[in-house]
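These notes are about the structure you will find just below.
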Amino acid sequence: MFEEYDIIVVGAGHAGCEAAHAAAQMGSRVLLVTMNMNTIAQMSCNPAMGGVAKGQIVREIDALGGMSGIVSDKSMIQFRMLNRSKGPAMWSPRTQNDRMRFAEEWRLSLERTPNVDFWQEMVTGLKIKNGKVTGVVTGMGLEINAKAVILTNGTFLNGIIHIGEKQFGGGRTGERAAKGITEELIQLGFEAGRMKTGTPPRVDGRSLDYTKMEEQLGDEDPQKFSYMNTSPLSEQRSCYITYTNPDVHEILETGFDKSPMFNGRIQGIGPRYCPSIEDKINRFAERDRHQIFVEPEGWNTVEIYVNGFSTSLPEDVQQKAIVQIPGFEKAKMFRPGYAIEYDYFPPTQLNLTLETKHIENLYFAGQINGTTGYEEAACQGLIAGINAYRKINELEDFTLNRSEAYIGVLIDDLINKGTDEPYRMFTSRAEFRILLRQDNADLRLTEKSHAIGLASNERLDRMLDRKNDINRLLNDLTEKKAVPSDLNEHLSEINTATIRQQAPLINILKRPEVSIHQFKEMTPEFQTYFSEYTQDILDQAEIQTKYSTYIEKERQLAEKMSALEEKKIRNNFDYNAIQALSSEARQKLNTIKPSTIGQASRISGVTPADISILMVYLSK
């Protein structure tokens with residue numbers, strides 16, 4: 001029935017879609033296997049993309065030639081740049097999306113991608129020969145051959161849904177769990193664990209009173225994720241903010257004895273930074289209210305996502321509590337919130353390419369690796385798809401280091417530190433975040449991706465044109481001088497020192513009080529000159545000017561760190577032979593088998609002294 005594929009991708013969530021698209025774009029024949037063709041790229045939780053650090057990841061995916069940014073732009077209903085009051089390293093784009101259009105755009109994109117085939121069925125096992133994966137086995141007993149397999153099973157591996165005292169198998173509400181793969185992988189020597197996540201109730205927006213809530217508008221000048229020619233929004237839908245109160249908390253507490261969170265039925269560890277409402281009430285008992293974000297699910301639907309009210313309490317308790325929230329007095333629930341437990345595999349069992357150490361040509365991406373979030377899953381799928389293609393074509397690995405991308409930080413953290421709770425990306429996890437801004441992802445990554453055949457010629461040309469415009473503006477700011485008579489009145493108005501003689505514009509722009517957009521208002525000549533550049537180019541030139549010292553210091557530090565990344569360690573190195581290493585270091589190094597000294601230095605339990613000993617030993 002099937003001829004052999006180059007790559008089989010199991011699961012069509014955010015990781016699976018990016019993996020299938022990337023591998024196919026590079027030239028592999030890909031089969032995307034999903035249990036339900038109607039839920040490809042389903043936004044299982046909130047209908048939004050990006051956010052703090054996550055927005056940087058979406059920009060990086062786009063810069064590399066992935067689809068998450070383009071799909072987000074085509075389906076967004078609101079855009080906000082978060083953290084604009086902070087420095088540019090913290091700025092993070094976020095879109096509210098139309099849930100149905102998002103999934104539709106992803107499916108249509110995959111259907112338009114040559115080399116992608118689809119098959120609707122559950123994968124229950126793997127074909128393994130001589131320590132190498134050779135295909136998959138389906139629930140109907142079909143054997144489909146492939147040179148590589150990428151598992152992106154999300155929350156479906158032995159998934160159990162909890163609502164109060166009720167529990168039933170499922171990977172998502174209304175969809176069955178995936179069976180068989182976990183048990184087989186354990187027999188093959190893999191270590192598995194359990195994690196938990198949850199989702200809030202969905203309600204009928206027609207039953208809400210928005211006058212009792214705080215309206216949250218999108219940005220006046222909305223941007224977008226993709227560096228390609230997707231269109232920014234001309235109109236936006238508002239979100240709203242309201243709060244819980246002591247009455248809500250009191251009602252929720254009546255259900256605690258039936259909560260699977262507190263009575264021991266849930267064994268998996270949940271996300272630290274996205275706790276359920278009952279967990280928030282329990283952990284932060286001193287607070288008498290918690291913020292609730294009221295988010296529309298799309299342009300035309302009345303369904304509302306109650307962000308901040310994730311829960312697994314009995315459905316009657318959920319309903320009684322939710323109507324005590326201001327604006328929700330007459331709320332009609334479409335479906336209750338629930339928790340879900342699922343299997344994952346500690347990611348220390350992977351290489352930096354996301355290929356497993358136990359089985360050759362088998363890759364894991366997404367929540368199977370212990371991460372949480374669409375963005376974290378999507379970037380893993382992209383990297384797994386790229387490397388699966390390169391591996392079967394006998395090409396070098398494609399990896400990103402910590403100074404090149406948030407994607408590199410995420411994968412490095414997973415491989416070297418592992419995780420025993422759902423991993424979420426934050427800007428604080430990146431030591432080089434001034435380099436890894438959301439505004440320069442294309443400048444950092446597009447050329448690398450084009451070199452391996454993923455980013456298109458058009459994408460590269462756009463990046464080079466943008467780079468040339470930025471450099472031209474920076475050169476002009478350096479050479480162009482302002483005279484006191486033109487600027488001093490304006491400088492006084494913004495409470496910054498006047499100038500006594502001609503000064504390069506770039507020196508004035510370095511002042512904290514001065515923005516590049518103020519130059520446009522200072523003289524008719526400046527207004528004409530700066531109007532040649534787009535807002536994006538002006539912002540980029542200003543960031544590079546104001547933060548040039550910090551950027552350079554961080555770049556120098558990154559270069560020093562990269563020297564350790566160049567010191568390779570062979571895969572079969574026996575750390576037990578170095579008795580001077582601590583016993584913990586020997587154990588961790590033998591388990592993770594780092595490929596470089598830099599990677600070894602980031603393993604938990606390996607001390608600077610251990611690294612010094614290892615470097616001395618290797619130098620001999």
Side-chain angles (χ1 to χ4, degrees), residues 12-14 17 34 36-51 54-55 58 67-82 93-111 154 172-175 198-210 213-219 222-226 230-242 274 292-310 322 325 327-328 330-338 373-375 377-378:
H14 299 257
C17 288
T34 174
N36 188 346
M37 289 282 290
N38 294 321
T39 57
I40 289 174
Q42 181 84 307
M43 294 180 123
S44 305
C45 204
N46 63 322
M49 289 291 286
K54 293 167 175 280
V58 178
M67 287 299 298
S68 288
I70 292 173
V71 170
S72 298
D73 288 351
K74 288 183 175 181
S75 61
M76 66 177 165
I77 62 176
Q78 188 192 85
F79 180 94
R80 293 181 68 217
M81 184 67 75
L82 307 182
R94 183 186 189 271
T95 59
Q96 196 70 29
N97 293 84
D98 186 309
R99 183 187 299 277
M100 291 181 282
R101 289 184 63 182
F102 184 93
E104 179 186 37
E105 287 291 345
W106 244 125
R107 176 164 173 169
L108 294 176
S109 296
L110 289 169
E111 289 182 359
R172 188 162 46 209
T173 183
E175 297 182 62
T199 194
R202 311 304 202 270
V203 301
D204 187 336
R206 297 169 298 184
S207 65
L208 303 183
D209 183 354
Y210 296 102
M213 308 178 198
E214 173 189 339
E215 187 174 14
Q216 189 178 47
L217 299 169
D219 288 353
Q223 300 177 39
K224 56 197 187 73
F225 278 119
S226 182
T230 54
S231 300
L233 288 170
S234 56
E235 60 176 316
Q236 302 185 66
R237 281 204 69 176
S238 293
C239 297
Y240 294 84
I241 297 174
T242 184
C274 189
I292 301 294
F293 294 93
V294 182
E295 301 178 342
E297 297 256 343
W299 285 114
N300 302 312
T301 181
V302 299
E303 189 170 358
I304 296 294
Y305 181 89
V306 190
N307 194 343
F309 204 81
S310 176
I322 206 168
I325 297 173
F328 280 72
K330 297 181 180 179
K332 294 179 181 178
M333 192 183 293
F334 279 172
R335 50 193 167 109
Y338 62 87
Y374 308 142
E375 304 82 2

Problem - R335 with E303: basic N within carboxylate O range, under 4.0 Å - result: yes
Problem - Heavy-atom side-chain proximity of Y305 to P47 below 4.5 angstrom - result: yes
Handout entry: Closest heavy-atom pair and its distance - V58, G69
Key = CG1-CA, 3.7 Å
Problem - Side chain proximity check, W299 to E235, heavy atoms < 4.5 angstrom - result: yes
Handout entry: Residue pair P93 / L82, side-chain heavy-atom distance below 4.5 Å
Key = no
Problem - Polar side chain donor-acceptor pair, D73 to S226, under 3.5 angstrom - result: no
Practice task
Hey, could you give me the CE/CZ distance between M76 and R101, rounded to the nearest 0.5 Å?
Solution key: 10.5 Å
Handout entry: Passing option when V294 is tested against I241, N307, T242 for side chain to side chain contact (heavy atoms under 4.5 Å, CB included)
Key = T242
Handout entry: Test item: I304 and F334 side chains (from C-beta on) under 4.5 Å apart, heavy atoms
Key = no
Practice task
Could you list the residues that satisfy side chain to side chain donor-acceptor pair (under 3.5 Å) with E215, not counting sequence neighbours?
Solution key: S238
Practice task
Classify the angle between the aromatic ring planes of F102 and H14 as parallel (below 30°), tilted (30 to 60°) or perpendicular (above 60°).
Solution key: tilted
Problem - Test salt bridge (charged side-chain N to carboxylate O under 4.0 Å, His left out) applied to R94 and E295, step by step - result: CA-CA 13 Å; R94 183 186 189 271; E295 301 178 342; 3.2 Å; yes
Practice task
Check whether any side-chain heavy atom of F309 lies under 4.5 Å from a side-chain heavy atom of I325, and answer yes or no.
Solution key: yes
Problem - Carboxylate-amine/guanidinium contact R172 E175, below 4.0 Å - result: yes
Problem - Residues that K224 engages under side chain to side chain donor-acceptor pair (under 3.5 Å), provided they are two or more places apart - result: T230
